[in-house]
Each structure stands twice: as structure tokens, then as C-alpha cells.
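The structure appears right after this line, and notes come after that.
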Amino acid sequence: MGAALAERLARLSVRRVSDLLFVLPRLYEDRTQLTAIGSLQGGARAAIEGEIQLTEIAYRGRRQLLTRVSDGSGMLTLRFFHFSASQQEGLARGTRLRCFGEVRRGPLGLEMVHPEYRRLTGAAMPLEETLTPIYPLTEGVPQGRLRALIQQALHELERSALRDWLPGASALPPGLPSLKEALVYLHHPPREARLAELAAGRHPAQRRLAFEELLAHHLALKLRKRSLKSDAAWPLPDDPGLARRFLEALPFRLTRAQARALADVHEDLTAGTPMVRLLQGDVGCGKTVVAAAAAARAAGAGAQAALMAPTELLAEQHWRSFRAWFSPLGETVALLSGGTPARTRRSALEAIASGEVRVVIGTHALFQEGIEFARLALVIVDEQHRFGVQQRLKLSEKGQKEGRVPHQLIMTATPIPRTLAMTAYADLDISVIDELPPGRTPVQTVVVPEPRRVEVVARIAQACRAGRQAYWVCPLIDESDELRAQAAEETAARLAEALPGVRVGLVHGRMPGAKKDKAMLAFQAGKIQLLIATTVIEVGVDVPNATLMVIDNAERLGLAQLHQLRGRVGRGTEASSCVLLYRAPLSGLARERLKVIRETSDGFEIARRDLELRGPGELLGTRQTGLAQLRVADLMRDADLLPGVQRTAELLLGAYPEHVAALAARWVGAGERYGRVG
Ligand code: ADP
Ligand code: MG
């Protein structure tokens with residue numbers, strides 16, 4: 001095989017001959033029998049035979065080759081947009097052809113676009129005995145070539161067995177075939193195979209491969225966790241009692257769920273192995289204070305903690321909360337973000353390098369060049385879904401010193417179902433905060449069409465008169481920050497005009513940090529009553545006196561985003577509401593989303609519905625977990641396999657460790673995503 005072909009195949013993840021076996025058909029064609037042209041149906045895939053009546057080049061928008069074929073029962077047009085002169089010659093009038101393809105209705109009646117075809121010579125050509133696989137194409141690898149290569153690989157499989165890394169049937173859910181049986185079946189299903197089942201990905205042969213793929217990913221994550229855990233970390237006992245004093249000084253008591261999560265964290269921090277813990281909990285459940293208590297452990301032990309937030313706004317807000325909690329205890333908290341003035345930054349950097357400052361808050365600016373920590377023992381990542389795994393690892397690398405790595409606490413408000421979390425985050429330990437602090441009143445959500453905007457504006461006036469505050473989140477008109485900022489500015493101007501006497505403020509991603517900060521501070525202090533914002537305020541912003549949120553163009557936002565935005569209200573004791581303003585007509589999906597968000601405020605339920613509507617790849621975020629790149633399995637469709645995957649993973653890790661790396665390499669591509677697999 002030439003280098004060019006090898007490179008093209010690599011795009012299908014094919015590097016070795018055996019990888020070819022795992023390039024699975026997109027669909028199948030029945031070429032075991034011929035269909036008379038006269039009885040063809042539009043939309044069907046069929047095999048036909050006929051004689052060429054005419055071949056000509058036509059110009060209908062594009063240059064194309066049209067070939068008309070007849071079998072006596074009817075006439076079919078073959079249409080080619082890419083063709084060579086020799087191909088044209090080969091399709092001369094009178095030639096007999098056998099063609100395979102999808103039939104569709106065209107301007108000249110039924111046609112096939114770029115069908116596969118063979119010229120028939122005198123000798124009879126036998127029909128296929130099994131269904132014909134149609135493989136996913138990559139540029140430069142024709143279907144016929146790929147099929148022939150895979151055919152060759154299957155012959156190899158007959159001779160030299162491909163290792164089945166699953167030790168016997170007990171490692172598989174009942175009713176699933178062996179690896180070899182599954183592969184042979186999927187590349188050549190018998191003609192009586194149930195095509196609908198195959199198309200839905202529910203055939204036992206497909207489930208066998210899906211199971212193995214999920215298992216391989218799960219194992220790769222487990223290996224990664226193991227390798228992380230084999231490093232040493234600073235034990236952070238609460239000897240000086242700073243964490244205890246921190247908790248005693250809080251103006252509230254932790255909820256039971258917070259206390260449980262903190263107990264997990266404290267146990268991890270006491271050990272000399274690194275904590276790698278995901279702290280999962282719905283918006284507003286109070287993850288920040290748990291993280292701060294962990295930071296108190298690090299500071300108390302004379303080490304350092306760094307919290308990384310996804311936006312400057314959020315970093316600044318965390319800084320203010322941390323300062324309020326830590327200053328009375330005599331701990332300084334430093335802030336490092338893009339907006340920090342050069343002089344403040346310089347002195348902060350010095351204090352961080354000398355170890356004088358032990359608690360540091362920042363954006364991704366934290367892991368940039370030139371930032372040195374004296375002894376970074378704890379890395380906290382807020383709103384993990386906004387970061388990639390790589391960014392998290394980069395920050396941890398900052399802390400690698402004297403043979404020790406930092407503990408990691410990762411916070412996320414993406415509430416994913418438990419079995420899914422256990423598979424997708426198998427490299428992490430998980431604590432869940434499943435309870436909101438007391439005294440919250442549920443947010444009432446209404447869906448309002450655009451023509452009733454005036455009523456919504458009146459509602460804002462009313463809330464402001466009652467001493468409350470409101471958010472107006474602006475439409476995502478365009479993907480560019482520039483245009484979004486413009487839209488926000490216009491809306492702010494119009495609302496200020498419609499609401500005389502109401503103090504209106506504005507924040508958007510295009511504003512300089514200081515200006516944004518000033519507006520946010522003014523809103524927090526109650527000096528601004530109505531805050532117009534782009535979705536920059538989506539994560540984390542906390543102003544309990546804000547009781548009304550209007551989301552304009554709500555139909556354009558996803559469920560997770562709507563839920564996050566709505567989480568900005570309902571943070572105080574006063575009843576809050578959320579108005580979803582939409583423009584008709586609504587797509588089916590948008591209608592469904594608005595319905596879900598109106599019906600429930602339970603983050604887990606919303607995540608479940610989101611999973612149904614969008615699929616897990618998007619829910620988890622492609623950057624977040626390798627599981628988004630599944631080839632055969634589908635986390636949603638194959639969710640019932642997950643408990644078995646976990647059981648078999650334990651079995652392999654315990655009794656067949658030498659199979660683990662091999663499985664991970666087969667499906668995950670060791671060394672690429674997981675760095676230290678094996
Ligand atoms: P999230 O989990 O969404 O990050 P935050 O940590 O921002 O939530 O907490 C939301 C608000 O709840 C903050 O104002 C925080 O101070 C407050 N809070 C946290 N825990 C408690 C508690 N146990 N009792 C009362 N208020 C709390
Ligand atoms: Mg938060």
C-alpha cells in the first residue's frame with residue numbers, strides 16, 4: 001500500500017491491517033437480487049441491469065454526464081458530476097451494465113447519482129450472496145478500493161485470529177457474539193439480516209463492538225486515574241486548624257450535601273496521593289465554599305491553592321467571596337486575570353513566587369509563562385466544562401515540584417446521570433451536592449412571544465419599583481463578539497428609554513475588564529437596577545437581590561445554557577421569575593427545549609432531557625472527555641451496557657491486567673488522548 005493511501009486511511013483511524021476491520025459500514029445494500037427498472041421506488045437502494053441507450057454530456061448548472069439505461073421494463077438515468085473521458089467511452093450505447101445505488105426522482109424521471117456499476121461482458125456475473133457493506137468514505141479512497149482492502153483484512157482474520165481480549169462469555173452481557181463473529185457478520189451480513197435493526201445500531205453484533213469500545217474507553221480513563229494516583233502529593237492535614245476556623249467564621253452552616261462533599265475532599269487531602277475529584281452540583285448549590293474550605297487546608301499547611309475560573313467576571317467574583325472569607329483569618333487572596341494592572345500583577349507574581357500569598361484566583365492567565373508558584377498543592381477548576389482537559393493539566397504541571405503533583409478539585413454544574421458519569425469520568429472520583437441551601441424559593445418560568453415585549457418591560461419597572469433588580473440577557477444574533485456587543489448596546493439604549501427612572505447598566509464580552517468590573521460591582525451594590533448582558537453572565541454570577549431574568553431570543557439557546565442563566569435568579573429569599581422571550585416560528589426542537597425549561601428546574605432532569613434531545617457528545621462537550629469520539633457506541637442508545645462495562649472493567653483490571661492496555665490501544669489510540677495510558 002502506498003504512502004498516500006495510508007495517509008488517507010489514517011483519517012479513518014486505520015494504521016494497521018487489523019484496524020481496517022473496525023471501519024464499519026454506514027449501511028448495507030441488497031445486491032443479492034436484481035430489481036426491474038419499472039418497479040423501482042424513489043428513495044430505495046437497488047441493483048439493476050440494463051442496456052445503455054444513450055450517453056451524453058449535459059450542462060444543467062454544472063457539466064455532467066448522463067447515461068440512460070433500459071431493461072425493457074423502464075428507463076433509468078445515471079448522473080455523474082465527476083467523470084473522465086475514458087469513463088465516458090466505456091459507457092457507449094449498447095453496453096450492458098449492472099448498477100447499484102440509491103434511486104431518486106430527478107427531472108428526467110428515476111435516476112441514480114454516481115452509482116457503482118460494472119460492465120457486463122458475455123460471461124454471466126453471479127449476484128452477491130450476502131448484503132453489501134457501504135463504508136464511510138474519506139476523500140481519495142473509493143468505496144470499491146476500501147471494500148477490497150477490508151475484504152483482504154477479513155481473509156487475514158480467518159488465518160490469524162484477532163485477539164479477543166475479553167476472557168470468555170462471562171465478561172460479556174448475555175446474547176452477544178464473539179469479536180470475530182461480530183466482525184464477520186457486520187462486514188457481510190446474510191441476506192435475511194434485519195436491516196432496520198442494523199440501521200438502528202441495535203444488532204447484537206453491533207452491541208458486541210459497542211460494549212468493547214465503551215469498555216476500552218472506560219479502561220483508558222481508569223488507567224489514567226491509576227497513573228495519576230501513583231504520583232505523590234503534599235498531604236494537607238488541618239493541623240493549624242485554618243480550615244476549621246474558616247468554617248466557623250462562615251455566615252451560614254454548610255448543607256448536609258456540602259458537608260459530605262467536603263468530608264470526601266478532606267479525606268483525599270490528608271493522603272499523600274493526589275486528589276482528582278469532580279465536584280458536581282446544580283447551579284447555586286454552593287460549590288464555591290467547599291472549594292474555599294479545601295483552599296484553607298492548603299494555606300493552613302503552608303502550601304498554595306489556585307482557583308481557575310473560565311471568565312474574568314467570574315474570577316473577580318470568586319476573588320471577592322474568597323477575600324471576604326479569608327481576610328478575617330489573616331490570609332491574603334491574590335487575583336490574576338487579563339485585566340489586572342501591570343504593577344499589581346508584578347507584585348502579585350512576586351508574592352506568589354515567594355509563597356507569601358497562598359490563595360490565588362485567576363482565569364487561564366494562571367498557567368501562562370512567567371507565573372511561578374512556591375508550592376502549589378491544590379488546583380481548583382471552576383465550571384470545568386468551559387475548559388479542556390489540556391488546560392487543566394497545564395495548570396497542574398505548574399505545581400510539579402520536588403516529585404509531587406498538586407491535588408485537583410474540578411467543579412461542574414453539568415449534572416449528568418450517574419451511570420454515564422461513572423463511565424465518562426472514570427478518571428475522576430466524584431462527589432455530588434444534591435441539595436440547595438435553605439431558604440431558596442423556586443423560580444417561576446414563563447414563555448412569552450416577542451409581540452408581548454411591552455408587558456415584559458412593564459414587569460421590569462414593577463420589580464425595580466419594589467426594590468428588586470433584573471437581568472436582561474441579549475440575543476445571540478451573531479457568533480461574533482463584536483455584533484453581540486452592538487446588539488447589547490442597542491437593547492440597553494432602548495430599554496433605558498422605555499424605563500425612565502430605572503438605572504440601567506451594561507456588560508458584554510467586548511468591554512475592557514475594568515469597565516465590566518465596575519458595572520458588575522454597581523449591580524452587586526444595587527446602584528444599577530437593570531443589567532443588560534450578553535451570555536457572559538451565564539456562569540456563576542451571584543446577586544441575591546436580582547429576582548427577574550429576561551432571556552431574549554430564548555429559542556436560540558440550548559437547555560444547559562438556559563438552565564445556567566436562570567440559575568442567576570432565585571438566589572435570595574424573595575420569589576423570582578424568569579421570562580423566556582421568543583420569536584415565532586419555533587422549530588420543533590426549540591419548542592421542546594422551552595417546554596422542558598418551563599416545566600422543571602431540576603438540573604438532573606434537564607440534563608436527562610438534554611441527553612435525549614441532543615445526545616451525549618454535545619452534553620459532555622467534545623473537549624471534555626474522550627467519550628465524545630466514540631466510533632460504534634452511542635452513550636444514549638447503549639446506556640444499558642454501562643453497568644456491564646463497569647463490571648468487566650473491574651474483572652480485567654483485577655485478573656487480566658495485560659489485556660487492558662491492548663484493549664485501550666485498539667479503540668482509543670494510546671498516547672494520543674490519554675497521554676500516559678499503559
Ligand atoms: P454554585 O454551586 O453554583 O457555584 P455558589 O457557590 O456560587 O453556587 O453559591 C451560591 C450562593 O449560595 C452563594 O451566595 C453562596 O454564598 C451561598 N451559599 C453557599 N452555601 C450556602 C449555605 N450552606 N447556606 C446558605 N447560603 C449558601
Ligand atoms: Mg459556581
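Just so you know, ligand 1 is whichever comes first in the structure, and atom 1 is the first atom listed for that ligand.
- Of all the atoms in ligand 1, the ones that sit under 4.0 Å from a non-hydrogen atom of Thr255 are 23 (N).
- Using a 3.5 Å distance cut-off with no hydrogens or angles, the side chains of Thr255 and Gln258 do pair a donor with an acceptor.
- Distances shorter than 4.0 angstrom do not occur between any heavy atom of Gly281 and any atom of ligand 1.
- Taking 4.0 Å as the cut-off between side-chain N and carboxylate O, Asp610 and Arg593 do not count as a salt-bridged pair.
- The pair Lys229-Asp429 counts as a salt bridge, with a side-chain nitrogen and a carboxylate oxygen less than 4.0 angstrom apart.
- For Lys287 and Asp382, the salt-bridge test fails: no basic side-chain N is under 4.0 Å from an acidic carboxylate O.
- Defined by atom type and a distance below 3.5 Å, a donor-acceptor pair is missing between the side-chain atoms of His266 and Asp238.
- The Leu254 neighbourhood of ligand 1 comprises atoms 23 (N), with distances under 4.0 Å to a heavy atom of that residue.
- Atom numbering of ligand 1 starts at 1 in the shown order; those under 4.0 Å from a heavy atom of Arg253 are 22 (C), 23 (N), 24 (N).
- The residue among Pro544, Gly286, Ser321, Ala292 with a heavy atom at the shortest distance from atom 9 (O) of ligand 1 is Gly286.
- Under a 4.0 Å criterion applied to the non-hydrogen atoms of Val283, ligand 1 contributes the atoms 3 (O).
- In this structure, His318 and Phe322 have perpendicular ring planes: the angle between them is above 60°, well past the 30° mark.
- Here is the list of ligand 1 atoms found below 4.0 Å of a heavy atom in Thr288: 4 (O), 5 (P), 6 (O), 7 (O).
- Ligand-side atoms of ligand 1 in range of Lys287: 1 (P), 2 (O), 3 (O), 4 (O), 6 (O), 8 (O), range being under 4.0 angstrom from any heavy atom.
- Close approach to Arg571 involves these atoms of ligand 1, each under 4.0 Å from a residue heavy atom: 3 (O), 7 (O), 10 (C), 11 (C).
- Aromatic ring pairs are classed by plane angle as parallel below 30°, tilted from 30° to 60° and perpendicular above 60°; the pair Trp325 and Phe246 is perpendicular.
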